[in-house]
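Here the structure comes first, spelled out in structure tokens, and everything after it is commentary.
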Amino acid sequence: MSSHPEKLNTVKRLLTHARTLFAVLGGLYVIVVLLLTVPFIQSQNMVGSLVYMNALKLPWNAHFDAPENYGLAPGKTFNFKIDTADNQTLGAWFIISDDLYHSIPFPPEPTTAERTLTEALTSYPTLIFFHGNTATRALPGRVQLYTAFTSRLHTNVLTIDYRGFGDSPGSPSENGLATDARAAWDWLISNGANPDDVLIVGHSLGTAVASALAVTLSEEAVTFKGLVLMSPFSSMYTLVDTYSVFGLFPVLLPLTMVPRAAELYKTFLRDRFDTLSIITKVEVPMLIVHAEDDFDISHTHSDAIFDALIEPYLPSVDLLPRGPSSWTTEQWRTYQTQLAKKTALLESSLTRTRMRNFGAMYKFEASGKTIVLLKTLTGSHKDVGALEGTQEVMRNMFSL
């Protein structure tokens with residue numbers, strides 16, 4: 001039977017081991033966080049960079065010239081390269097619409113998609129898909145989306161791997177990804193696509209890429225079918241405040257315990273991806289989709305983007321001075337009047353539609369603009385676009 005001193009020594013040893021473990025884990029956390037502030041580390045995605053993670057080239061050793069290996073129908077996909085303005089080369093897939101594919105005798109020739117490229121681009125709408133971080137265009141979940149888009153939406157699909165992803169050489173950066181997106185757009189147009197028939201779609205990181213392209217085209221007075229943002233984030237600054245790795249570990253939570261530490265850390269971020277500051281420049285119909293059970297990127301990011309988009313179409317409300325004791329009667333009356341006008345216009349311009357067991361849709365229409373926010377009950381972060389309900393909203397909104 002153990003004596004009391006022996007038990008006490010055992011407890012002390014356990015406490016010492018526990019303190020050592022927590023110290024080691026804390027040290028590793030600090031090292032990782034500090035490494036992620038280094039631009040080279042951010043671009044190379046070492047130690048699990050939260051921005052790109054392009055080193056995870058899933059599926060491993062992918063054969064992009066054999067898209068059939070990943071679930072796409074024989075002869076339906078054209079695997080090719082796109083050259084960018086800064087001399088990078090991007091791996092890409094062009095997948096023809098099922099409507100066109102089904103008109104061809106089966107089994108088709110292996111080069112069918114390439115051979116029918118002009119017909120596909122001039123006879124059917126095309127969706128450009130910009131994927132999120134990690135992995136490649138051959139990831140099973142992404143292939144599932146291509147299949148849904150070509151069948152349910154009747155579109156062709158163009159998808160690329162950004163520089164540093166998949167079989168595209170180079171290192172990713174915010175400017176680099178913007179250049180890649182423009183190269184994809186230019187390839188479509190140069191091969192016969194009508195801009196009015198092109199729908200730009202982004203998921204997660206790809207929403208920032210899609211938004212930047214949409215803004216550039218709008219500034220050039222180019223009209224296109226629309227913009228769809230799936231599981232977007234408002235900016236990298238706000239994302240790191242709420243982002244959880246695999247939906248479990250909130251990255252900056254420990255830093256928030258130290259005054260101003262989180263804000264100081266964010267000043268080292270190289271790429272900002274500030275969608276919130278530019279999204280109001282887009283001049284085409286927009287759909288924002290987010291699942292309420294998304295534990296990677298909170299659906300509040302979509303709320304912020306939607307609010308920013310509709311705000312310019314609502315009457316302004318003068319801010320009251322700080323401290324109710326300093327408000328004059330006239331200021332309070334003016335504030336109430338302005339707020340009532342804003343609320344009335346919002347209610348007359350916003351249509352709320354609840355869909356049982358699926359989610360809610362908020363449609364804002366004013367001054368010729370259409371902006372829709374779809375909040376789904378399920379879908380998590382990566383599967384919200386795979387929901388048939390999401391695809392039906394897209395099909396109806398963009399007349400696909």
Side-chain angles (χ1 to χ4, degrees), residues 45 51-74 76-82 90-98 101 113 126-168 172 177 180-181 184 187-188 198-211 213 227-233 246-247 287 289-291 294 296-297 376 378-388 390-391 394 400:
N45 303 288
V51 180
Y52 301 112
M53 291 193 284
N54 57 302
L56 297 176
K57 297 182 182 294
L58 303 174
W60 299 115
N61 300 315
H63 297 283
F64 296 104
D65 58 349
E68 294 81 2
N69 288 353
Y70 307 101
L72 293 165
K76 186 181 177 182
T77 305
F78 173 32
N79 177 63
F80 66 105
K81 302 291 185 181
I82 294 177
L90 311 176
W93 279 351
F94 181 80
I95 309 154
I96 62 175
S97 166
D98 272 15
Y101 186 77
T126 297
L127 183 154
I128 307 182
F129 182 73
F130 297 111
H131 64 65
N133 67 353
T134 312
T136 72
R137 63 188 185 276
L139 193 70
R142 291 168 186 166
V143 174
Q144 181 184 8
L145 289 179
Y146 314 150
T147 300
F149 296 153
T150 57
S151 59
R152 185 176 288 274
L153 303 187
H154 314 286
T155 68
N156 309 302
V157 172
L158 171 63
T159 184
I160 64 170
D161 272 319
Y162 317 114
R163 61 190 65 198
F165 286 75
D167 55 345
S168 303
L177 268 58
D180 297 345
W187 181 88
L188 275 180
V198 179
L199 180 64
I200 299 175
V201 180
H203 172 251
S204 194
L205 174 66
T207 62
V209 179
S211 296
L213 175 61
L227 173 66
V228 180
L229 305 180
M230 297 178 176
S231 308
F233 57 95
F246 305 119
L287 171 63
V289 185
H290 219 127
D294 185 337
D296 289 58
I297 299 176
T376 65
T378 61
S380 64
H381 181 68
K382 64 184 181 65
D383 294 328
V384 69
L387 299 177
E388 289 189 348
T390 297
Q391 297 156 20
M394 293 173 64
L400 298 169

* Could you walk me through whether I297 and S204 pass the side chain to side chain contact (heavy atoms under 4.5 Å, CB included) test, one step at a time? => CA-CA 8 Å; I297 299 176; S204 194; 3.8 Å; yes
Going from [atom1] on [X] to [atom2] on [Y], what distance comes out if it is rounded to the nearest 0.5 angstrom?
X	Y	atom1	atom2	result
T136	L58	OG1	CG	7.5 Å
L145	L153	CG	CG	10.0 Å
F149	H154	CZ	NE2	13.5 Å
T134	Y52	OG1	OH	12.5 Å
R152	T147	CZ	OG1	12.5 Å
L400	M394	CG	CE	7.0 Å

* Asked: Where does the angle between the aromatic ring planes of F129 and Y146 fall among parallel (under 30°), tilted (30 to 60°) and perpendicular (over 60°)?
  ->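 It falls in the perpendicular class, over 60°.
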* Hey, what's the ring geometry for Y162 with F165, parallel, tilted or perpendicular (30° and 60° as the breaks)? -> perpendicular
* K382 atom NZ, over 12 foreign heavy atoms within 6.0 Å -> no
* Asked: Is atom CD of E388 surrounded by more than 12 heavy atoms (other residues, nucleotides or ligands) closer than 6.0 Å?
  ->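 Atom CD in E388 is not crowded, with 12 or fewer foreign heavy atoms closer than 6.0 Å.
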Any side-chain heavy-atom pair of [X] and [Y] under 4.5 Å:
X	Y	result
V143	L72	yes
H63	Y70	yes
L229	S211	yes
W93	F78	no
V157	F94	no
L127	L158	no
S168	D161	yes

Smallest separation among heavy atoms of [X] and [Y], with atom names:
X	Y	answer
P59	L139	CD-N, 3.8 Å
A291	T378	CB-O, 3.4 Å
A92	I160	CB-CG2, 4.0 Å
G164	P172	CA-CD, 4.3 Å

* To do: Kindly indicate, with the supporting measurements, whether the criterion side chain to side chain contact (heavy atoms under 4.5 Å, CB included) is fulfilled by M230 and V201.
  => CA-CA 8 Å; M230 297 178 176; V201 180; 4.0 Å; yes
* Asked: H131 and R142: side chain to side chain contact (heavy atoms under 4.5 Å, CB included), yes or no, with the steps?
  -> CA-CA 8 Å; H131 64 65; R142 291 168 186 166; 3.5 Å; yes
* To do: Let me see the working for F80 and W187 under ring-ring contact (aromatic ring centres under 6.0 Å, His included), right down to the final yes or no.
  => CA-CA 11 Å; F80 66 105; W187 181 88; 4.4 Å; yes
Under 3.5 Å: donor-acceptor pair, side chain of [X], backbone of [Y]:
X	Y	answer
Q391	A386	yes
S231	H290	no
N133	M53	no

* Electrostatic pair D167-R137, nearest N-O below 4.0 angstrom -> yes
* Structure fact -> The single option from T159, T207, I200 that satisfies side chain to side chain contact (heavy atoms under 4.5 Å, CB included) with F130 is I200
* Have D294 and H381 got a donor and an acceptor in their side chains that come within less than 3.5 Å? ->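 Short answer, yes.
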* To do: Please report the C-alpha distance between T126 and L199 in whole Å, then the side-chain angles of each, then the deciding distance to 0.1 Å, and finally whether the side chain to side chain contact (heavy atoms under 4.5 Å, CB included) criterion is met.
  => CA-CA 6 Å; T126 297; L199 180 64; over 6 Å; no
* Between T150 and K76, does a side chain to side chain donor-acceptor pair (under 3.5 Å) hold up when you go through it step by step? -> CA-CA 10 Å; T150 57; K76 186 181 177 182; 2.9 Å; yes
